[in-house]
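In what follows, every chain begins at residue 1, and chains take the letters A, B, ... in the order their sequences are listed.
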Protein chains: 2
Amino acid sequence: MAETTEPPGRREQNKIDTRRAIAEAALTLARSQGPGSFTVDQIAAHAGVSRRTFFNYFRSAEDALNLRTESFLELAIGIFAAQPAGLPLLDTMIGAFSATTQVEHLGAHGELFRMAADNPELLRAQLHSWERAETRIVQAVEERLGDGVSHLYVTALVGSVLSCTKAAMQDWAGETPEPDDASGADLEARIVRALSLLRDGFANPA
Amino acid sequence: MAETTEPPGRREQNKIDTRRAIAEAALTLARSQGPGSFTVDQIAAHAGVSRRTFFNYFRSAEDALNLRTESFLELAIGIFAAQPAGLPLLDTMIGAFSATTQVEHLGAHGELFRMAADNPELLRAQLHSWERAETRIVQAVEERLGDGVSHLYVTALVGSVLSCTKAAMQDWAGETPEPDDASGADLEARIVRALSLLRDGFANPA
DNA sequence: TCAAAACTTGCACAGCGTGCAACAACCGTG
DNA sequence: CACGGTTGTTGCACGCTGTGCAAGTTTTGA
């Protein structure tokens, strides 16, 4: 796999656990009190950690909530990077993004989309996550394709793909308040549908 | 035109002026000290207004900087709304967005893109502006097309169009530090190019 | 076993964002 | 013009945010 020089000692594990605990605490508070109506001190207390340590891990309460989104996009990037290089680019991406629906805690992602609807800071954090993912995917694509392709082509393509994926997830989140066994397949279908529209140049409003 | 019940008294004008003055002060400070290294108090002082009044107009220093972006998107929405309804949707949008390059202070927009590159909060504010514009355009399109078209189709389409426009502007901003007479046409060409790629389903990396 | 490296914590401090109440500018009406 | 209602501005107070710093504590590797 693509392991970056990894000494999996106690330290690394502790940090991962702490990070998770903080994010979990934030999510719990957001569920019980509503997003945007709790303080960093509360999160820290729930996570069993000092206020100062919270800020060693996250820049804001919203960023902590946003860890789930971040990990989803991390997964998407990983899957895309592992894809074989022969196929047409757009088809490769359709395959990669439809596969991301097997991420854990799928329901929580929809939940976060819904929370962001009435919480500007959280929405901004999410948009930022997508933006950074976009940058990374653009880099990956340009490395894969070499110098022969224009930067504008790649950025427009990747941006559009992510926009369609986002639209599919939002659509899904809006209609799937309580996810069940089939909702993963449901989301996947929507992503494929949106990306197929893109491949067809949106010629057919179907 | 589409005037919303407008009593153009001294009050309205004062508010517009104040808003402009604050945004202008913020931009000046960002230019001289770099974005993110000045306080709201400084902006307020430069604008000849109290700190409290600043917060009556903007939610943060970055939002103040972002007024230019906001007005650009406002213009885009207006032009799109004024477009005749007969043509294919995507062609209508290509026309509308390429026409937005005639906005005032075009150079400042590129400047803001470049500032956002190393200022997370400003970047988030800009992304948020684009997101809200997307929502409004989606509404406009759905009103125009009626209930016959799927929500996913519209959101995916509008998201992609905006992504391509953004990509074009970023590309342009990166290569055009000091805009001259021709740079408006340059930007317009890039927007048309990116949106044409979209219409062709990105089939040809050209 | 021990010292260096990495992480946590408390503290202090500047700055942020907002509710509130007093004040000032503007508006329409008579 | 005058005057009351409406709308915008300002100062103040208060809690929360985000960060540098220095003193602890835990982990690491030798």
Side-chain angles (χ1 to χ4, degrees), chain A residues 4-26 29-30 32-67 118-125 128, chain B residues 4-26 29-30 32-67 118-125 128:
Chain A
T4 56
T5 53
E6 187 171 342
R10 176 87 113 264
R11 253 202 189 115
E12 302 299 319
Q13 194 53 48
N14 281 348
K15 279 175 72 171
I16 292 172
D17 290 347
T18 305
R19 180 169 279 265
R20 274 207 147 82
I22 294 175
E24 208 58 48
L29 282 166
S32 66
Q33 318 200 7
S37 19
F38 51 90
T39 71
V40 167
D41 295 74
Q42 288 178 274
I43 302 177
H46 271 249
V49 121
S50 82
R51 172 188 147 72
R52 190 59 183 83
T53 294
F54 173 91
F55 283 113
N56 286 341
Y57 282 88
F58 297 100
R59 288 162 27 97
S60 69
E62 286 74 23
D63 280 24
L65 274 182
N66 198 35
L67 180 64
D118 43 49
N119 185 334
E121 281 318 309
L122 180 55
L123 176 56
R124 288 185 178 198
H128 195 187
Chain B
T4 55
T5 53
E6 187 171 339
R10 176 88 113 263
R11 277 238 168 85
E12 304 298 319
Q13 194 54 47
N14 281 348
K15 280 175 71 171
I16 292 172
D17 291 346
T18 305
R19 178 170 282 263
R20 274 208 148 81
I22 294 175
E24 208 57 50
L29 281 167
S32 65
Q33 318 199 7
S37 20
F38 51 90
T39 71
V40 168
D41 295 74
Q42 286 178 277
I43 302 176
H46 271 247
V49 120
S50 81
R51 170 189 148 74
R52 190 61 183 83
T53 294
F54 172 91
F55 283 112
N56 286 341
Y57 283 88
F58 297 100
R59 289 163 25 101
S60 69
E62 287 74 24
D63 280 26
L65 274 182
N66 197 37
L67 180 64
D118 43 49
N119 186 334
E121 280 319 307
L122 179 55
L123 176 56
R124 289 186 179 199
H128 195 187

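Of the candidate nucleotides D/dC16, D/dT9, C/dC7, D/dC16 has the atom lying nearest to any side-chain atom of A/Thr39. Taking only side-chain atoms of B/Tyr57, from C-beta outward, the nucleotide of D/dT9, C/dG17, D/dT17 with the closest atom is D/dT9. In this structure, of C/dT9, D/dG8, C/dC27, it is C/dT9 that holds the atom nearest to the side chain of A/Ser50.
Whole-Å rounding puts the B/Lys15 NZ to D/dT6 P distance at 16 Å. Here the C1' atom of nucleotide C/dG15 and the CD atom of B/Glu121 are 14 Å apart, to the nearest Å. At whole-Å resolution of the value, CD in B/Gln42 and P in C/dA14 are 15 Å apart. Rounding to whole angstrom units, CG of residue B/Asp17 and P of C/dC26 are separated by 12 Å. What separates CD of B/Glu62 from P of C/dG15 is a distance of 15 Å, to the nearest Å. Here C/dC7 presents its P atom at 12 Å from CD1 of A/Ile16, a figure rounded to the nearest Å. Between the CZ atom of B/Phe55 and the P atom of C/dG15 there is a distance of 12 Å, given to the nearest Å. Atom-to-atom, CG of B/Asn56 to P of C/dC23 comes out at 18 Å; the value is rounded to the nearest Å.
One finds the CZ atom of B/Phe54 at 4.5 Å from the CD1 atom of B/Ile43 (value rounded to the nearest 0.5 Å). In this structure, the separation between NE2 on A/His46 and CD on A/Gln42 is 6.5 Å, given to the nearest 0.5 Å. With rounding to the nearest 0.5 Å, the separation of CG in A/Leu67 from CZ in A/Arg20 is 7.5 Å.
The shortest distance between side-chain heavy atoms of A/Arg10 and A/Gln13 does not fall below 4.5 Å. Within the 4.5 Å cutoff, side-chain heavy atoms of B/Phe55 are placed close to those of B/Val40.
Side-chain nitrogen and oxygen atoms of A/Asn14 include at least one within less than 4.0 Å of the OP1 or OP2 phosphate oxygen of D/dT27. Phosphate proximity of C/dT8 to A/Thr53: absent, as no side-chain N or O sits under 4.0 Å from OP1 or OP2.
Each of B/Asp41 and B/Arg11 has a nearest nucleotide on DNA chain C; the 5'-most of these lies closest to B/Asp41. Annotation: of the two residues near DNA chain D, B/Val49 and A/Arg10, the 5′-most nearest-nucleotide partner is B/Val49.
Residue contacts shown for B/Arg59 are limited to sugar-phosphate atoms, with no base heavy atom under 4.0 Å away. The residue A/Arg52 sits close to a base: some heavy atom pair falls under 4.0 Å.
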